[in-house]
Amino acid sequence: MTTPQTTNLANALAKAFDPVAIESHWYPVWEAAGYFNAGAVADKPAFCIQLPPPNVTGTLHMGHAFNQTIMDAMTRHRRMCGDNTLWLPGTDHAGIATQIVVERNLEAQKISKHDLGRDKFVEEIWKWKQFSGDTITQQMRRLGASTDWSREYFTMDPNLNEAVTEVFVRLFEDGLIYRGKRLVNWDPKLKTALSDLEVVSEEEDGHLWHIQYPFADGAIDGVVGLTVATTRPETMLGDVAIMVHPEDARYTNFLGKHVKLPLTDRVIPIIADDYVDPAFGTGCVKVTPAHDFNDYAVGQRHKLEQINVLTLDAAIAATMPEAYRGLDRFVARKKIVADLDALQLLIKTEKHKLKVPRGDRTGTVLEPLLTDQWFMAVDKPAPANHPHQPGQSIAKKALEVVASNEIKFVPEHWVNTYNHWMNNIQDWCISRQLWWGHQIPAWYDELGNCFVGRDEAEATAKARAAGSLGVLRRDADVLDTWFSSALVPFSSLGWPQKVDSDLMRRYLPSQVMVTGSEIIFFWVARMIMMTTYFTGKIPFETVYIHATVRDAEGKKMSKSEGNVIDPVDLIDGIEIEPLLVKRTSGLRRPETAPKVAERTKKEFPAGIPAFGSDALRFTMASYASLGVNVNFDFKRCEGYRNFCNKLWNATRFVLMNCQVTNDETGELSTLDVGLNAADAVYLSPLDNALISNLQQLEMAVNRAFTEFRLDTVAAEIYQFVWIEYCDWYLEFAKVQLAQSRAVLESATATPAERDHATAAARGTRRTLLRVLEVCLRLAHPLIPFITEELWQKVAPLAGKEGASICIQPFPQAQPEKLNADAEAFVAELKLSIDAVRNLRGEMGVSPAEKVPLYVDSQSATVMAQMPYLCALAKVSTAHHVAALPDVNAPVAVTKSANWMLDIKVDIAAETERLNKEIVKLDAEIASVQLKLSNASFVDRAPPAVVAAEQQRLADRIAKVVQLRAQMAKLS
RNA sequence: GGGUGCUUAGCUCAGCUGGUAGAGCGUUGCCCUUACAAGGCAAAUGUCGGGGGUUCGAGCCCCUCAGCACCCACCA
């Protein structure tokens, strides 16, 4: 017989959960042990997730924390389920974005990139990349990300660089990459082209200027000229025509005539094109093919000249009239308007709202500009001998793999977004006039002939073969950063060197791509296009689109707006002062700093407390429903930090009850927890009910994982651990252990009684331990650190072995352990306890006070309930009577019995309480009666539903009868 | 101008194939009960955006209106 000497646990677990020590301890252990490295066992299913590589522009934000928590939970889940997991990490060079950051840093030191020159400047960016990349990977470790660091990549690593070159050359050779002078979105500040996707248009206040263009040969029919309306008058210097709608009766007379372009000496024709909307403005539109995308198309249709007005930095070009040369576009605009006014050609100026295109990174107003750029032809058929999609265009194929359900979107409606974009896709401008990125593998001879090759030698050979003998000069431009990102699904696995490697076979396609909706076009679509074209495989099976993280007010989090939260600050906590410094630096509009500070002080008056990584992750998971937005409220972290503490203390309780410390030696020894198969174990209905519930939890959690519902995973675990396990079962367990102890300490107990008490204590301890141990494994994907720490303590006692919880099997339900009878017993017991507790509450009994109780039943069920009920509802003594005493105390009616506290009653309060309850019941009875008296309900509703209603009616009527009787006694 | 999503308790959000409205936080009492005050027990709060329809029955399906958010688009 083992009798506890003491339950001193000072050397086992601290009284409160302290995340800092745990987290810093476990991550390095996991990493060193290689638990996260890609599995090498061929016969296990593969599970791969490609991390959307964070930009090396600084640090991770809440969006990353959200995104990564989801991926980590999924990866840890599948790893525990026995899959070969590969969560592949990397970082993205993020061309423009990173170059801008480093440029700004240098500007702060009064250095311009031109002072340094290209090579030195790129060196500076590499230094920054090192710093930012290290910060990011460190943050990921703090978040507990179980990525395979041994395969970490950077999009400008040599092997990925090689993939980029290979892809470029092949697409060029297949005729799907071309170079040409086209109208592109031009950022005059950065002096680079941008793709359509990098343009953000917002409505701004502007003007619509009405300008008269006089007829070249004098008035016609008394009309001196035509009036056009424009929002960008400076571009008129490049006008090559005026167009009207062909059926616009006002102007048909003038078709084919000419006008004199004001401020120049040019004469331009009046043409007809049905692009013109006669109802807008004057119905006359100036045509400027070199500076407007519509006009460009009109110009093509009518074979018009393209006259460029602007330089690369958006000043008026040297080819323009002298008066305007060299003027900035906006200065020139003012001058031109003034000059037209002076010439009395400015008819009127209207206020006008217009969409102004700006660069998404710089906010600069963009100009459509004619420049030489490289494009990818997405709509052009692939060569007839292409191995994977002969004769089929890249966009077509990308649509096909989604239409065929090879690639699924979750939530599904994002397919529409994808299809819409893909059906209207334009050729992709892939060249950028930047210094940071993959340099385009194209070389030119002195005549401008272009040779594309994998390296200079190959290009030279092609040049020589074509008869070009001079020196070659490499194209200075780099590729759009998304060009390399698009290759990640295969370039990160070793392509092109390893085309048929184990890695490629196993981890391409990956199982799920986890990302926000904002990069469906930028990245998801392009990965699909590139991966299918070059590997014949889809890049991933499922695209899981998660919400965008916003601040508590629903505003998009942005460093330049000063409302970002660094996930590490939620983990470690931060004082208000440093938080203010963080938030007020680097603002887009520095003058907003006081406001930002004010808002920050209001939201975080005392800074941010340290919640720990697990609490942050649990919060993120609980936010991961399939919605569009997440308005992040840090207070939820507090709730989940408390949950971690709950789990911690539940473990403390379990250990206290399963281990003893010898007072003299200080040695810890384990009590009998039923590990020895030969020992009899008695499981009470309460033990069995908990175990039964646990099976349901296991089913629910596994199902939720497969449905990508991490919010459900979190909610299920939270509910089970806190409510079922801690609030109910732990209290029941105390009763059971106390009962056994009483028997074992009794001098009069028979041997049979002692045996049963031993078996029961064994069963309780075993249930406590095993259920806890399972909960730890269930929760591990969400809260890896605390579960590891606790599992190390709990698992050995529960008869489990293993170096780490990371690689333990994920709990799966055992249907044979479902136990409806036990669950029903506990459900009924809970109702009884609730009823008695409710009586106490109603009668204002102090929670500390124990009170006597009457119950009008001695049924087996009630007798079995009593020990638990007395403990949980603080009953001093229970009197079992045939009928409750005929006094005016309140009665609680439950399924099991009628209950009454033996204390003095406040008659007024009790009358009120009864009245309230009777009214409620009457209303319910009336509504059920109405339903049941409806013939069509009884006839047409399923019999089970009708029966349930009838039962409900009977119950309520019985109850109300009881209450009425009680009421009668009061008066 | 098209398209998508959203509108449920004071706040943030769950509600599966239609069958008696839920959670967390917050609020209000009372308790430092030997796992946990980062806690326990109890309590209050909803014409599920408005209107119409289908159905025995609608938060859920259909129509319509309103508001919010986002995405796409070439109106000078």
Side-chain angles (χ1 to χ4, degrees), chain A residues 7 9 13 15-17 201 208 228-232 235 243 275-277 279-288 292-298 352 354-355 411 413-414 416-417 420-421 424 517-518 520-521 548 550 552 554 556 609 611 615 619 622-623 625 627-633 635-636 638-657 703 707 709 711-712 715 718-719 726-727 730-731 734 834 837-838 840-842 844-850 871-874 924 927-928 931 934-942 944-946 948-949 952:
Chain A
T7 51
L9 271 179
L13 279 183
K15 191 171 173 180
F17 155 64
S201 290
L208 195 56
V228 301
T230 179
T231 55
R232 295 190 300 151
T235 64
M243 61 177 165
Y275 161 71
V276 179
D277 173 6
F280 186 87
T282 59
C284 297
V285 184
K286 63 198 266 312
V287 182
T288 323
D292 183 282
F293 289 100
N294 299 314
D295 296 3
Y296 183 82
V298 172
H352 181 70
L354 73 159
K355 290 279 175 81
H413 68 256
W414 289 110
N416 301 332
T417 306
H420 182 258
W421 186 75
N424 295 285
S517 61
E518 58 275 10
I520 290 178
F521 309 141
T548 305
R550 296 167 178 276
K556 198 163 181 175
F611 295 120
T619 308
S622 72
Y623 267 126
S625 59
V628 181
N629 287 321
V630 158
N631 296 345
F632 182 81
D633 184 351
K635 286 196 182 115
R636 279 184 73 160
E638 191 176 336
Y640 294 123
R641 191 260 328 248
N642 295 353
F643 173 75
C644 290
N645 191 49
K646 193 77 179 172
L647 189 58
W648 182 270
N649 275 290
T651 305
R652 259 184 96 222
F653 172 83
V654 172
L655 294 179
M656 273 182 188
N657 282 283
R703 180 170 356 118
E707 291 169 353
R709 291 301 300 266
D711 58 326
T712 306
Y718 185 98
Q719 154 79 22
C726 292
D727 285 351
L730 256 46
E731 297 304 321
K734 287 176 190 173
D834 281 341
R837 279 175 171 174
N838 184 271
R840 300 176 55 106
E842 295 290 349
V845 178
S846 155
E849 194 184 341
K850 290 194 167 191
L872 272 71
K874 290 248 173 192
E924 199 180 338
S927 103
V928 179
K931 208 176 207 177
N934 181 345
S936 56
F937 170 73
V938 180
D939 291 348
R940 301 195 197 191
V945 172
V946 178
E949 290 296 317
R952 184 174 156 213

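This is a predicted model, so every value here is computed, not measured. Values reported hereafter were calculated over all heavy atoms of this structure, with side chains retained and with hydrogens, waters and symmetry mates removed. Below, chains carry the letters A, B, ... as their sequence lines are ordered, and counting in each starts from 1.
- Comparing B/A9 with B/A44, their C1' atoms are spaced 10 Å from each other, to the whole Å.
- For the pair A/H352 and B/A76, the criterion of a side-chain N or O lying under 4.0 Å from OP1 or OP2 is met.
- The C1' atoms of B/G10 and B/C63 are separated by 33 Å, rounded to the nearest whole Å.
- Comparing atom distances between the A/Y623 side chain and each of B/U4, B/C70, B/U12 picks out B/U12 as nearest.
- Contacts of A/V285 with the nucleic acid, taken as non-hydrogen atoms under 4.0 Å apart, include base atoms.
- Taking every side-chain heavy atom of A/R636 into account, B/U12 is the closest of B/U12, B/A14, B/A76.
- For A/Y640 and A/F611, the distance between ring centers is not under 6.0 angstrom.
- Taking atom P on both B/U27 and B/G49, the two are 27 Å apart, rounded to the nearest angstrom.
- Within the 4.0 Å cut-off from OP1 or OP2 of B/A76, not a single side-chain nitrogen or oxygen of A/T230 is found.
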note = Intra- and inter-strand pairing of RNA chain B, written as dot-bracket with Watson-Crick and G-U pairs under 3.5 Å and | for the latter, reads (((((((..((((.....[..)))).(((((.......))))).....(((((..]....))))))))))))....
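- With respect to A/E849 and A/R840, no salt bridge is recorded, no charged nitrogen being found less than 4.0 Å from a carboxylate O.
- Between A/F280 and A/H352, the ring planes are perpendicular. Angles over 60° get that label, and only those under 30° would be called parallel.
- Taking only side-chain nitrogens and oxygens, A/N424 never comes nearer than 4.0 Å to OP1 or OP2 of B/A73.
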remark   = Contact string for nucleotides 35-45 of chain B, one letter per nucleotide 5' to 3', B = base within protein heavy-atom range under 4.0 Å, S = sugar-phosphate only, - = neither, reads BBSBSBSSS--
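- For A/N631, the listed nucleotide lying nearest its side chain is B/U12; candidates were B/U12, B/G24, B/U4.
- Both A/V938 and A/Y275 lie near RNA chain B, and the one whose nearest nucleotide falls closer to the 5' end is A/V938.
- Comparing the P positions of B/U12 and B/G51 gives an interatomic distance of 23 Å, to the nearest angstrom.
- Relative to the side chain of A/K355, the nucleotides B/C25, B/A76, B/A73 differ in distance, and B/A73 lies closest.
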